[in-house]
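Convention: sequence-line order gives letters A, B, ...; per-chain numbering from 1. Both backbone and side-chain heavy atoms feed into the values below; hydrogens, waters and symmetry mates do not.
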Protein chains: 2
Amino acid sequence: MRSPEALARRFRETDRKVTPQRIAVFEALDSGPGHSTAEQVHRSVTKNLPTISLKTVYEILRELSELGELVMLDLGTGAVRYDHNLALHHHLVCNECGVVVDVPAHLTDLQLDGVEDLGVSVSTAELVLRGSCSRCNTQDPKQPSNK
Amino acid sequence: MRSPEALARRFRETDRKVTPQRIAVFEALDSGPGHSTAEQVHRSVTKNLPTISLKTVYEILRELSELGELVMLDLGTGAVRYDHNLALHHHLVCNECGVVVDVPAHLTDLQLDGVEDLGVSVSTAELVLRGSCSRCNTQDPKQPSNK
DNA sequence: AACGTGACAACAATCATTGTTGATTAGGGT
DNA sequence: ACCCTAATCAACAATGATTGTTGTCACGTT
């Protein structure tokens, strides 16, 4: 995702108003971790802007995704996640702690040539890995006392 | 998935009762298309067993997935789909008509070696392709009058 | 200073799914 | 065959994420 300033410019260019709520969401996305849920963004934003409604956050996130400034991701974790990493990448969901790890596409090799034999055409490929993240991987080998 | 008879046997072996509701769901799954939603299974089952509740269908489907007889799939289409294809495969969701096409794993080549560099370990890989199915592919090239 | 447009918050509604409860039922041991 | 207990079921309420509705309000424009 781009900077809050760039997003504000983009909103102005597309005849959208740059309101305090929108600025606050831009900044929350910029400073927060990737892959936040709407709920998490809302919690973060309310620190500066206590009256903003969750509905408004949903609307702003939807607009950002319509503009292609972030991507809505359904990783089967209950709520949609809003991903502001615009580079080509995949995701690993940690089975232990639930964290989502970005996996740059260059670390994987994905060949789909054979698929066209089915008569289908593929426009996007979304790879969801499940396993454990590096943190859980190192702590887990039966070292107690981490919960 | 295996035959209704095999599932009945499996249920008896695991100390579950084989009720009319369960038999009806087994048969609906066996004869229906893959990737049905709970709602679709329920609709199909009520043809023979009009009084069965949606809740019961959900329960039976969950038990089947606990036994590994089918797989719960969240393809971002709103409702979970229950997949009774137990072979290793991936899915293509048609952007036009919404149908889910099985993609045998041997048609794709997926190398994940590089991913371990991140310190993570991968237990499963789920590939969701989006595009258009063979049916929409052939009809679509601007031939009107199909809707 | 009135106008119109969009953005907002409060609230209700929706959809898939799960929890609760109380009545019914299946099947092993007598 | 009969009983007993746990399993099963249906009806109903509740949940959680998300979206729809409505009335108000701020802002830039004549």
Quiz item: If you fit an axis to the five pairs at each end of the helix from C:dA1-D:dT30 to C:dT30-D:dA1, how big is the angle between those two axes, to 10 degrees?
Solution: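 Taking five pairs per end, the axes differ by 10°.
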Quiz item: Do any pairs count as a ring-ring contact (aromatic ring centres under 6.0 Å, His included) and have a residue in residues 28-57 of chain A, sequence neighbours left out, and if so which ones?
Solution: A:H35-A:H91
Quiz item: Would you find a donor on one side and an acceptor on the other, under 3.5 Å apart, between the side chain of B:R10 and the backbone of B:L67?
Solution: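 A pair under 3.5 Å: yes.
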Exercise. Could you check B:N95, B:V93, B:V99 and say which one makes a side-chain contact (heavy atoms from CB on, under 4.5 Å) with B:C97?
Key: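 So the option named by the test is B:V99.
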If I take atom [atom1] from residue [X] and atom [atom2] from residue [Y], how far apart are they, to the nearest 0.5 angstrom?
X: A:T19; Y: A:I52; atom1: OG1; atom2: CD1; result: 7.5 Å
X: A:M72; Y: A:L61; atom1: CE; atom2: CG; result: 8.0 Å
X: A:L118; Y: B:L92; atom1: CG; atom2: CG; result: 8.5 Å
X: A:L70; Y: A:L86; atom1: CG; atom2: CG; result: 7.5 Å

Self-check item: Annotated protein contacts, base or backbone, on nucleotides 8-30 of chain D with a non-hydrogen cut-off under 4.0 Å, one of B, S, - each
Solution: SSB------SBBBB---------
Self-check item: Distance, rounded to the nearest Å, where A:L61 contributes CG and C:dA7 contributes C1'
Solution: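 Roughly 15 Å, once rounded to whole Å.
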Practice problem: Starting at atom CZ of A:R12, determine the distance to atom C1' of C:dG6, rounded to an integer number of angstrom. | Solution: 16 Å
Exercise. Over all heavy atoms of both residues, which pair between A:S44 and A:A28 is shortest? Give the atoms and the distance, please.
Key: OG-CB, 3.4 Å
